[in-house]
Amino acid sequence: MNVNIDYEQIDLSKPAPIEEPQRQYYFIAKARKLVKELSEKAGRPLTYITQTFGCQMNARDSEKLTGILEQIGYIEETEEEKADFVIYNTCTVRENANQRVYGRLGQLQHVKKANPYMMIGLCGCMMQEPEVVEKLKKSYRFIDLVFGTHNIYKFAELIVTRLESERMVIDIWKDTDKIVEDLPSERKFSFKSGVNIMFGCNNFCSYCIVPYVRGRERSRDPKDIIREIEQLAADGVVEIMLLGQNVNSYGKGLKEPVTFAQLLEEIEKVDGIERIRFMTSHPKDLSDELIEVMAKSKKICKHLHLPVQSGSTRILEKMNRRYTKEHYLNLVDKIKKAIPDMSLTTDIIVGFPGETEEDFQETLDVVRKVRYDSAFTFIYSKRTGTPAAVMEEQIPEDVVKDRFDRLLKEVQSISSEVCSVHTGTVQKVLVESLNDHDSTLVTGRLSNNILVHFPGNEEMIGSIVDVKLHTCKGFYYLGEMV
Ligand code: SAH
Ligand code: SF4
Ligand code: F3S
């Protein structure tokens with residue numbers, strides 16, 4: 001979102017406004033002043049780096065953090081060791097995500113000793129866990145700022161508190177019903193953008209920590225969403241990704257309830273937006289109305305991420321997913337009938353407590369029947385505080401690893417077959433970047449999310465072009481513009 005605020009005009013001799021977002025504009029102005037003073041003292045501009053872990057939600061939140069840091073006057077730095085402000089936007093969905101953060105913090109401590117201007121901030125999902133904050137307070141005193149997922153909009157205010165107090169600032173909220181609009185954000189891509197349509201989750205799948213760290217489900221007002229998308233379109237964005245933990249339950253708590261399908265129809269009308277994506281869809285809430293809207297839409301991409309998690313009805317029940325294997329397979333049939341070229345992707349967990357070889361075979365069966373374009377496969381990770389963490393029959397590591405390897409093999413061999421069906425066709429491709437390895441090539445994405453590399457140049461980035469798909473290399477194509 002582009003907000004045009006003249007921060008120099010804000011009178012800092014007055015107390016901070018109570019109302020948001022005006023209050024945050026005030027603190028951005030104040031932080032600008034403080035950072036400018038520090039920068040003069042240092043004799044150089046101060047720099048920042050935002051490090052993002054986890055999902056698209058976090059990626060979007062990081063754009064908001066970055067937007068605020070830029071407004072405050074920090075300049076982007078690409079190397080963590082050189083930055084004066086390092087902010088980690090953390091994820092805690094699986095235990096290894098947490099371990100990575102602790103590991104990197106250990107290294108940062110040494111860097112900080114050598115740079116008197118350095119500040120380290122931590123935010124995001126991991127910070128919503130009380131035991132994490134306890135550990136930071138005890139063993140990581142060099143950290144400057146700790147906040148959670150609910151008060152990210154207060155970033156500027158927290159920076160000011162830290163700069164004025166010289167001590168570790170910790171501000172974590174348990175939950176919130178507040179959605180603050182119109183704060184600055186700095187998009188990573190000029191031509192595509194994530195758009196939050198809802199926050200939080202009410203589903204409490206028994207393995208999952210997200211509802212505890214992201215709070216209760218709340219939807220943004222459709223008018224605010226449309227206004228944001230119109231502004232993005234005016235700014236040159238052609239593709240948007242609507243974000244929510246379960247977009248299919250969008251709109252339920254609003255004063256005037258709206259369905260997700262109705263929201264999509266409104267978004268479709270925004271001129272300039274060429275492609276609409278969304279994630280994630282919970283199979284239990286995917287409506288016929290949504291399938292109809294997708295089938296007739298010219299802009300909604302032919303890609304549906306529909307996490308199955310397990311193919312065993314018995315395990316699905318223990319996971320509290322509230323659908324059966326049959327329900328899921330019927331849903332997939334219905335979607336494929338209505339939209340034959342729809343690409344389907346999924347998330348699968350192996351090694352959930354009590355999972356037997358028979359249960360695992362059911363998962364393989366779903367994979368073979370649905371024939372996913374791709375699947376994210378995860379080893380079950382025990383998350384303290386979730387019901388599954390105290391379930392009996394946690395599965396031994398070697399058994400899980402063996403199942404994981406077998407699943408991955410199956411997923412990959414099917415996916416390379418499924419992906420290759422478009423060979424020889426001409427498809428619309430949104431050019432996203434220069435190719436990482438060969439700068440005579442560009443990399444773009446098909447409507448179904450598959451990547452294609454083809455000859456091109458930097459000027460093509462952000463445009464949608466017709467590309468003939470010559471060869472499929474498993475998960476991507478090589479092609480040529482026509
Ligand atoms: N809201 C989305 C998922 C968000 S988390 C949905 O319901 O589809 C992304 C994925 O992480 C999940 O789909 C699940 O497959 C995986 N995941 C969540 N908790 C996990 C855990 N404890 N162990 C392993 N994988 C997990
Ligand atoms: Fe987690 Fe389930 Fe919510 Fe997805 S729907 S975020 S898996 S609790
Ligand atoms: Fe991770 Fe939080 Fe997303 S736990 S997956 S960053 S919602």
Side-chain angles (χ1 to χ4, degrees), residues 51-62 65 88-98 100-101 122-129 132 148-150 152 194 196-218 242-250 278-286 304-311 315-316 318-323 328 344-353 355 363 366-367 372 374-391 394-395 397 400-401 403-404 407 411:
Q51 302 283 32
T52 311
F53 302 82
C55 66
Q56 305 262 3
M57 299 270 179
N58 259 19
R60 181 69 186 131
D61 282 348
S62 286
L65 298 169
Y88 279 2
N89 190 7
T90 62
C91 170
T92 186
V93 76
R94 285 168 290 275
E95 180 60 30
N96 55 7
N98 294 34
R100 272 175 66 201
V101 168
L122 292 174
C123 65
C125 295
M126 197 176 147
M127 301 306 124
Q128 293 294 137
E129 291 178 273
V132 168
T149 55
H150 303 302
I152 197 163
N196 296 113
I197 62 167
M198 59 205 298
F199 302 93
C201 182
N202 285 354
N203 287 305
F204 291 95
C205 302
S206 64
Y207 50 81
C208 184
I209 201 163
V210 171
Y212 305 89
V213 297
R214 285 275 173 178
R216 293 296 61 74
E217 190 176 288
R218 53 214 180 273
L242 306 175
L243 301 172
Q245 293 300 350
N246 176 14
V247 292
N248 297 329
S249 71
Y250 170 79
F278 52 84
M279 73 187 310
T280 300
S281 273
H282 196 304
K284 78 177 164 63
D285 297 316
L286 198 143
L304 192 61
H305 186 62
L306 197 62
V308 64
Q309 313 297 2
S310 167
I315 294 294
L316 286 169
K318 288 179 73 177
M319 286 178 161
N320 192 30
R321 289 291 286 180
R322 286 174 279 169
Y323 53 84
Y328 186 90
L344 288 169
T345 57
T346 200
D347 293 346
I348 301 169
I349 298 175
V350 283
F352 184 83
E355 184 189 71
T363 300
V366 169
V367 167
Y372 295 105
S374 69
F376 294 103
T377 50
F378 303 109
I379 286 181
Y380 167 72
S381 169
K382 196 173 179 177
R383 307 312 290 126
T384 310
T386 63
V390 291
M391 283 181 190
Q394 303 281 332
I395 310 294
E397 216 171 285
V400 181
K401 186 74 181 52
R403 286 181 196 159
F404 182 82
L407 175 66
V411 161

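Below, all heavy atoms of this structure are taken into account, side chains as well, without hydrogens, waters or symmetry copies. Numbering starts at 1 and runs along the sequence shown. Atoms within a ligand are numbered from 1 in the order they appear, just like the ligands themselves. On a predicted model such as this, the values are computed, not experimentally measured, just so you know.
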As a quick check of understanding, evaluate side chain to side chain contact (heavy atoms under 4.5 Å, CB included) for N246 and K284, giving each step before the final call. CA-CA 10 Å; N246 176 14; K284 78 177 164 63; 4.1 Å; yes

I'd like to know if the side chain of S381 reaches the main chain of E95, judged simply by a donor and an acceptor atom lying under 3.5 Å from each other, with no hydrogens or angles considered. yes

Under 3.5 Å, side chain of S62 to main-chain N/O of T52, donor-acceptor pair present? no

With 2.8 Å as the threshold, which protein atoms of type N, O or S lie near atom 3 (Fe) of ligand 3? Leave waters out. C55 SG

Short side-chain donor-acceptor distance under 3.5 Å, S206 and N320: no

Looking at ligand 3, would Q245 count as a contact under a 4.0 Å heavy-atom criterion? yes

Using heavy atoms and a threshold below 4.0 Å, how should the contact between Y207 and ligand 2 be classified: side chain, backbone, both, or neither? side chain

Taking C-beta and beyond as the side chain, do R321 and P283 meet within less than 4.5 Å on heavy atoms? yes

Please report the C-alpha distance between V247 and M279 in whole Å, then the side-chain angles of each, then the deciding distance to 0.1 Å, and finally whether the side chain to side chain contact (heavy atoms under 4.5 Å, CB included) criterion is met. CA-CA 7 Å; V247 292; M279 73 187 310; over 6 Å; no

At a heavy-atom distance under 4.0 Å, which protein residues reach ligand 1? Sort them by chain and number, would you? V93, R94, Y207, Q245, T280, P307, Q309, R321, D347, I349, F378, I379, Y380, S381, R383

Contacting atoms of ligand 2, where contact means under 4.0 angstrom from a heavy atom of V210: 6 (S)

Here the atoms of ligand 2 under 4.0 Å from any heavy atom belonging to F204 are 8 (S)

Sub-4.0 Å heavy-atom approach of R321 to ligand 2: yes

Determine whether S249 and M198 make a side-chain contact, defined as any pair of heavy atoms from C-beta on separated by less than 4.5 Å. yes

Can you tell which part of P307 has a heavy atom less than 4.0 Å from ligand 2: side chain, backbone, both or neither? neither

Which is it for Y372 and V308 under the side chain to side chain contact (heavy atoms under 4.5 Å, CB included) test, yes or no, and what are the steps along the way? CA-CA 11 Å; Y372 295 105; V308 64; 3.6 Å; yes

Rounding to 0.5 Å, atoms CD1 (I348) and OG1 (T363) come to a distance of 7.0 Å

If you count the atoms of ligand 2 from 1 in the order shown, which ones are under 4.0 Å from a heavy atom of P211? 8 (S)

Check against side chain to side chain contact (heavy atoms under 4.5 Å, CB included), E217 and Q245: CA-CA 9 Å; E217 190 176 288; Q245 293 300 350; over 6 Å; no

From the options S206, C208, C205, select the one whose nearest heavy atom is closest to atom 1 (Fe) of ligand 2. C208

Could you tell me whether a side-chain N or O of E355 sits under 3.5 Å from a main-chain N or O of I315, the two making a donor and an acceptor? no

Looking at D347 and R94, is there a salt bridge between them, counting it only when a charged N and a carboxylate O are closer than 4.0 Å? no

Between F378 and F404, does the ring centroid distance fall short of 6.0 Å? no

In terms of residue, atom name and distance, what is the protein heavy atom nearest to atom 3 (Fe) of ligand 2? C201 SG, 2.3 Å

With a 6.0 Å cut-off on the ring centroids, do Y323 and H282 count as close? yes

